[in-house]
Each structure stands twice: as structure tokens, then as C-alpha cells.
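Take a look at the structure set out below.
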Amino acid sequence: MSGTEGGGWAGRTRRRRTVARDALGETARISSDPGIGEAERQHPAVSEQVRSQRRHRRSPELLAAIEQLDVVHDPATQKELIDWIAQNCVDEGRGELLGLFAKCYLGHPYVDHQLTLGHQILRHFTPEDAVPPAFAAARSLVRSPAYLFVEVYGDGSVIPVRGNGDPVN
């Protein structure tokens with residue numbers, strides 16, 4: 001899941017490639033990849049500065065806050081935690097972060113959860129539950145013990161983050 005700068009590739013995700021629109025000019029409107037839908041073709045291009053920020057290690061404070069999501073049961077404390085995570089993600093300048101997806105530690109019947117930063121909603125899912133389409137690729141990634149959580153961006157990028165804070169992009 002490493003991106004290459006040559007040839008205009010902005011990054012790579014499982015089974016799907018994201019191409020920087022400005023690298024292709026007029027051909028950016030046409031996709032020969034049948035796996036890319038109309039909505040994915042309309043994602044805004046991401047600047048090199050944003051891509052650079054996404055490659056930086058996530059802070060220990062952010063990792064600790066994310067790990068606390070299933071531990072904190074007081075609604076006011078949980079809201080403070082979600083607010084802090086959302087503000088931290090905005091402050092880091094990694095672009096429009098739709099949310100985070102992670103393994104859920106609440107126990108049966110829940111297996112994973114989604115934190116939607118725009119609406120600040122923490123939603124837990126059972127194995128049978130369908131997740132929102134933007135988070136579908138993240139769901140398979142969080143099942144791997146290699147990742148603590150997965151970031152899902154408005155431009156279609158899906159970036160898994162290891163337990164030590166290193167992003168895989």
C-alpha cells in the first residue's frame with residue numbers, strides 16, 4: 001500500500017488506485033478502470049502538502065485517545081474525547097477526514113466501530129451490519145491486527161495506521 005510519486009500516482013489502496021487529477025489533465029474525467037465509480041471520479045485532488053502530512057506518524061496522544069473510545073462510558077467524557085480527536089485531525093492538515101474506523105472492544109455482538117468526525121458520531125457494528133460505502137474498504141483492514149485504526153478521507157483515500165502511529169500509505 002505504498003504510493004509512488006512518479007507517473008502521477010497519488011496513492012494506492014487495496015483493489016483501487018487513486019490518481020491525482022491534476023497529473024492527468026483532461027483524461028481525469030474518464031476512467032478505464034471499471035472498479036472506479038462516478039462518485040470516486042469526482043473526488044477533489046489532494047495537494048502534495050496534504051499527502052506529505054498524511055505520511056507523518058500519528059501522535060501518541062491521538063493513539064491513546066482512539067484507544068479510549070471503547071473504554072470511556074460517560075457520555076460527556078466520550079464527547080470531549082471525540083471533540084479532541086476531531087480537532088487534532090483538523091489541526092494536522094491531512095485534508096477532509098470523513099472519519100476513523102477501528103476494531104471494537106466492547107465485545108459481543110460488536111466487532112468494529114466508526115467515528116464520523118463531521119457529525120461526531122461513534123457507531124458500533126455487528127458482523128452482519130452493513131457499513132457506509134465510504135468505510136467498506138476500511139472494515140476489511142481493521143480486521144488485521146497490524147492496524148490500530150483506519151482513516152477515511154473525502155478524496156477516497158483509505159489510510160491504515162499501525163499501533164505505533166505509522167501510516168501505511
Side-chain angles (χ1 to χ4, degrees), residues 1-33 35-69 81-103 112-120 122 131-169:
M1 295 203 17
S2 64
T4 58
E5 299 305 316
W9 291 104
R12 210 179 280 257
T13 60
R14 286 191 178 182
R15 288 185 238 104
R16 186 183 73 201
R17 293 170 294 196
T18 306
V19 178
R21 192 177 307 199
D22 56 347
L24 296 176
E26 285 295 309
T27 61
R29 287 186 244 150
I30 303 169
S31 172
S32 61
D33 186 343
I36 296 177
E38 183 62 30
E40 291 168 306
R41 280 186 237 131
Q42 294 178 0
H43 291 302
V46 177
S47 72
E48 181 54 40
Q49 180 181 0
V50 168
R51 283 194 299 264
S52 174
Q53 286 300 109
R54 290 181 184 176
R55 289 189 289 266
H56 290 172
R57 179 177 273 190
R58 306 311 184 250
S59 72
E61 296 82 11
L62 178 62
L63 301 177
I66 290 168
E67 288 178 325
Q68 293 295 311
L69 285 174
L81 195 58
I82 292 170
D83 289 346
W84 187 89
I85 291 169
Q87 188 59 51
N88 178 272
C89 292
V90 168
D91 291 348
E92 293 296 320
R94 292 188 210 107
E96 179 196 2
L97 184 62
L98 296 179
L100 308 174
F101 206 80
K103 181 177 179 175
D112 40 36
H113 62 242
Q114 166 197 15
L115 174 59
T116 309
L117 298 178
H119 298 100
Q120 299 178 334
L122 180 61
V131 299
F135 290 84
R139 188 173 214 184
S140 63
L141 292 169
V142 299
R143 295 203 175 157
S144 168
Y147 308 121
L148 178 62
F149 64 95
V150 178
E151 299 171 339
V152 178
Y153 290 91
D155 62 30
S157 296
V158 176
I159 300 177
V161 178
R162 298 185 187 280
N164 67 357
D166 286 341
V168 179
N169 51 3

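Hydrogens, waters and symmetry mates are skipped; everything else that's a heavy atom, side chains included, is used. In this text the structure is predicted, and so the values were computed from the model without any measurement.
V158 pairs in a side-chain contact (heavy atoms from CB on, under 4.5 Å) with only one of the listed residues (L141, V168, L98), which is L141. Of the options L100, V152, I66, a side-chain contact (heavy atoms from CB on, under 4.5 Å) to L115 is made by L100 and by none of the others.
Within the 3.5 Å criterion, the main-chain N or O of R54 finds no donor-acceptor partner in the side chain of R94.
R143 is linked by a side chain to side chain donor-acceptor pair (under 3.5 Å) to nothing, counting only residues two or more places apart in sequence or in another chain. Q114 is linked by a side chain to side chain donor-acceptor pair (under 3.5 Å) to T116, counting only residues two or more places apart in sequence or in another chain. Qualifying side chain to side chain contact (heavy atoms under 4.5 Å, CB included) partners for Q49, counting only residues two or more places apart in sequence or in other chains: S47. Here R57 pairs with D166 under the salt bridge (Lys or Arg N to Asp or Glu O under 4.0 Å) rule; sequence neighbours left out. A search for side chain to side chain donor-acceptor pair (under 3.5 Å) contacts involving R139 returns D112, not counting sequence neighbours. A146 pairs by the side chain to side chain contact (heavy atoms under 4.5 Å, CB included) definition with S144, R162, not counting sequence neighbours.
No side-chain heavy atom of V150 sits under 4.5 Å from any side-chain heavy atom of F135. Counting heavy atoms from C-beta on, the side chains of W84 and L62 come closer than 4.5 Å. Taking 4.5 Å as the limit, every side-chain heavy atom of L148 sits out of range of all side-chain heavy atoms of V161. At a threshold of 4.5 Å between non-hydrogen side-chain atoms, the residues V131 and F101 count as touching. When side chains are defined from C-beta on, N164 does not count as touching L63, because their heavy atoms never get closer than 4.5 Å.
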In a table with atom names and distances, give each donor-acceptor pair under 3.5 Å that connects a side chain of residues 85-93 to protein atoms at least two apart or in another chain.
| from | atom 1 | to | atom 2 | distance (Å) |
| --- | --- | --- | --- | --- |
| Q87 | NE2 | D91 | OD1 | 2.7 |

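Atom CZ of residue F149 and atom CD of residue E67 lie 9.5 Å apart, to the nearest 0.5 angstrom.
Shown here for P167 and I159, the closest heavy-atom pair between the two residues is CB-CG2, 3.8 Å.
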